[in-house]
Protein chains: 2
Amino acid sequence: MEAGFPVWAKDELARKMAETGADGCPVRDVLSQVSGKWSTLLMMALSGGALRFAELKRVTPDISQRMLTKTLRDLQRDGFITRTVFPSKPPKVVYELTDTGRSFLVPFSALVQWSLDYHEIIRASRRDFDEDSDLGEEDA
Amino acid sequence: MEAGFPVWAKDELARKMAETGADGCPVRDVLSQVSGKWSTLLMMALSGGALRFAELKRVTPDISQRMLTKTLRDLQRDGFITRTVFPSKPPKVVYELTDTGRSFLVPFSALVQWSLDYHEIIRASRRDFDEDSDLGEEDA
DNA sequence: CAGTATCCGCCGAGATACTG
DNA sequence: CAGTATCTCGGCGGATACTG
């Protein structure tokens with residue numbers, strides 16, 4: 001247990017995570033945003049300031065129309081971003097992070113940084129694992 | 001932009017996240033573990049110390065056999081946990097967090113804490129959103 | 001420009017039954 | 001006890017076409 005890493009109040013967090021009540025546990029509920037393929041990427045894109053629909057699409061080249069719309073609506077619904085319509089012609093819609101959204105990016109950015117730091121280690125671990133499992137295979 | 005939250009080096013992180021190279025960007029690659037339904041829960045369960053297969057199953061009641069096995073293998077492959085087999089009869093297999101796994105839980109726990117802190121706010125935001133969209137509906 | 005609507009494939013995940 | 005092996009389903013996400 002004394003592997004150089006501090007012991008947080010994790011026992012309690014672990015219990016909280018396991019609380020799978022009738023309507024789902026709070027943690028999974030919120031973290032489902034993280035799991036979405038585009039939610040976090042769009043929020044990161046908005047971290048530099050407000051952007052309109054087409055701009056978000058441009059800075060996120062491989063997202064589909066459908067998913068862009070849907071993800072933005074979900075983020076708005078959860079209060080991570082605001083959606084402001086300027087009824088011009090053609091219309092102009094601007095998306096912007098809320099305080100909640102910005103606040104989310106603080107712990108999330110730490111996780112992104114972690115994944116950058118450990119990416120190589122993890123890739124190496126995978127290679128080792130896959131090689132070892134190959135050793136036992138005598139295919140036809 | 002001066003909403004009370006600091007401006008990290010997020011611009012660079014955002015760019016890193018957008019790097020969707022041929023074999024996928026490093027961030028999404030690593031964060032796919034987070035999105036898995038059980039990976040993080042199992043790691044949290046192991047944060048208190050090593051556990052064997054049946055024990056993990058007991059503390060995670062609604063996981064299926066299949067998913068428990070699969071998730072554990074994925075975590076092992078990525079180097080988050082170790083798997084140690086004691087060739088007794090009946091067999092005994094013990095799972096334990098690696099240093100990488102423990103290190104992951106540091107930023108991740110912050111995110112869990114955040115989701116606990118903001119859960120109510122988010123639920124409220126959803127209610128507002130859903131009510132407002134109901135207003136415009138004159139169903140048959 | 002900023003969306004909807006529709007169709008469809010993939011795969012994460014559950015349920016169940018079997019094995020060393 | 002600690003797994004495999006199959007079958008199945010829901011839903012995320014992509015592609016394409018249409019609209020105010």
Side-chain angles (χ1 to χ4, degrees), chain A residues 18 20 24-25 28-29 31-42 45-46 50-78 81-96 129 133 136-137, chain B residues 17-18 20 24-25 28-42 45-46 50-78 81-96 129 133 136-137:
Chain A
T20 313
C25 90
R28 284 222 56 83
D29 187 25
L31 260 51
S32 61
Q33 286 294 350
V34 181
S35 76
K37 187 172 180 180
W38 300 110
S39 336
T40 57
L41 195 48
L42 290 177
L46 288 173
L51 291 175
R52 29 192 312 196
F53 190 87
E55 292 171 328
L56 279 169
K57 196 175 178 184
R58 207 172 312 118
V59 300
T60 318
D62 42 357
I63 195 174
S64 66
Q65 194 95 310
R66 188 175 116 78
M67 274 300 110
L68 182 53
T69 306
K70 186 184 186 309
T71 308
L72 288 173
R73 230 196 301 98
D74 289 349
L75 287 174
Q76 184 197 358
R77 190 172 103 99
D78 282 10
I81 64 176
T82 58
R83 175 176 183 272
T84 313
V85 181
F86 296 88
S88 45
K89 240 193 99 179
K92 174 179 173 180
V93 181
V94 169
Y95 294 91
E96 187 168 18
F129 186 91
S133 57
E137 308 200 356
Chain B
M17 274 200 73
T20 313
C25 92
R28 283 223 57 81
D29 186 26
V30 172
L31 259 52
S32 61
Q33 286 294 351
V34 181
S35 76
K37 187 170 181 180
W38 301 110
S39 335
T40 56
L41 195 48
L42 290 177
L46 289 174
L51 291 175
R52 31 193 310 197
F53 191 87
E55 292 171 327
L56 278 169
K57 196 174 178 185
R58 207 172 312 118
V59 299
T60 317
D62 42 358
I63 196 173
S64 66
Q65 195 96 308
R66 187 176 118 77
M67 273 301 110
L68 181 54
T69 306
K70 185 183 187 309
T71 307
L72 287 173
R73 231 196 302 99
D74 289 349
L75 286 173
Q76 185 197 358
R77 191 173 103 100
D78 281 10
I81 65 176
T82 58
R83 175 177 183 271
T84 314
V85 182
F86 296 89
S88 44
K89 242 192 97 175
K92 174 179 173 179
V93 180
V94 169
Y95 294 90
E96 186 167 18
F129 186 91
S133 58
E137 307 204 356

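So that the names make sense, note that chain A is the first sequence line, chain B the second, and so on, each numbered from 1.
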Considering just the side-chain nitrogens and oxygens of [X], establish if one lies under 4.0 Å of OP1 or OP2 belonging to [N].
{"X": "B:R83", "N": "D:dG3", "value": "yes"}
{"X": "A:Y95", "N": "C:dC1", "value": "no"}
{"X": "A:R58", "N": "C:dA2", "value": "no"}

For [X], which contact category applies under a 4.0 Å heavy-atom criterion: base, sugar-phosphate, or nothing?
{"X": "A:K92", "answer": "sugar-phosphate"}
{"X": "A:R52", "answer": "sugar-phosphate"}
{"X": "B:F86", "answer": "nothing"}

Worksheet entry | Among D:dG14, C:dA2, C:dG20, the nucleotide that comes nearest once only the side chain of A:V93 is considered | C:dA2

Worksheet, complete the sentence: Picking from D:dG3, D:dG14, D:dA5, the nucleotide nearest the side-chain atoms of B:T69 would be D:dG3

[X] has an atom [atom1]; how far is it from atom [atom2] of [N], in whole Å?
{"X": "A:R28", "N": "C:dA13", "atom1": "CZ", "atom2": "C1'", "answer": "11 Å"}
{"X": "B:K89", "N": "C:dT19", "atom1": "NZ", "atom2": "P", "answer": "16 Å"}
{"X": "A:Q65", "N": "D:dT16", "atom1": "CD", "atom2": "P", "answer": "13 Å"}
{"X": "A:R66", "N": "D:dG11", "atom1": "CZ", "atom2": "P", "answer": "12 Å"}
{"X": "A:D62", "N": "D:dG13", "atom1": "CG", "atom2": "P", "answer": "13 Å"}
{"X": "B:K37", "N": "D:dC9", "atom1": "NZ", "atom2": "P", "answer": "18 Å"}
{"X": "B:Q76", "N": "D:dA2", "atom1": "CD", "atom2": "P", "answer": "15 Å"}

Worksheet item: For A:T71 and A:P90, take the nucleotide of DNA chain D holding the closest heavy atom to each; which residue's nucleotide lies nearer the 5' end?
Response: A:T71

Can you tell me how far the [atom1] atom of [X] sits from the [atom2] atom of [Y], to the nearest 0.5 Å?
{"X": "A:L56", "Y": "A:T71", "atom1": "CG", "atom2": "OG1", "value": "10.5 Å"}
{"X": "A:L72", "Y": "A:R83", "atom1": "CG", "atom2": "CZ", "value": "9.0 Å"}
{"X": "A:K57", "Y": "A:L42", "atom1": "NZ", "atom2": "CG", "value": "12.5 Å"}

Item to complete: Provide the closest heavy-atom pair for B:M17 versus B:C25 in the form atom of the first, atom of the second, distance.
Response: O-SG, 3.5 Å

Item to complete: Once you apply the 3.5 Å cut-off to both distances, tell me the Watson-Crick or G-U wobble partner of D:dA2, or none.
Response: C:dT19

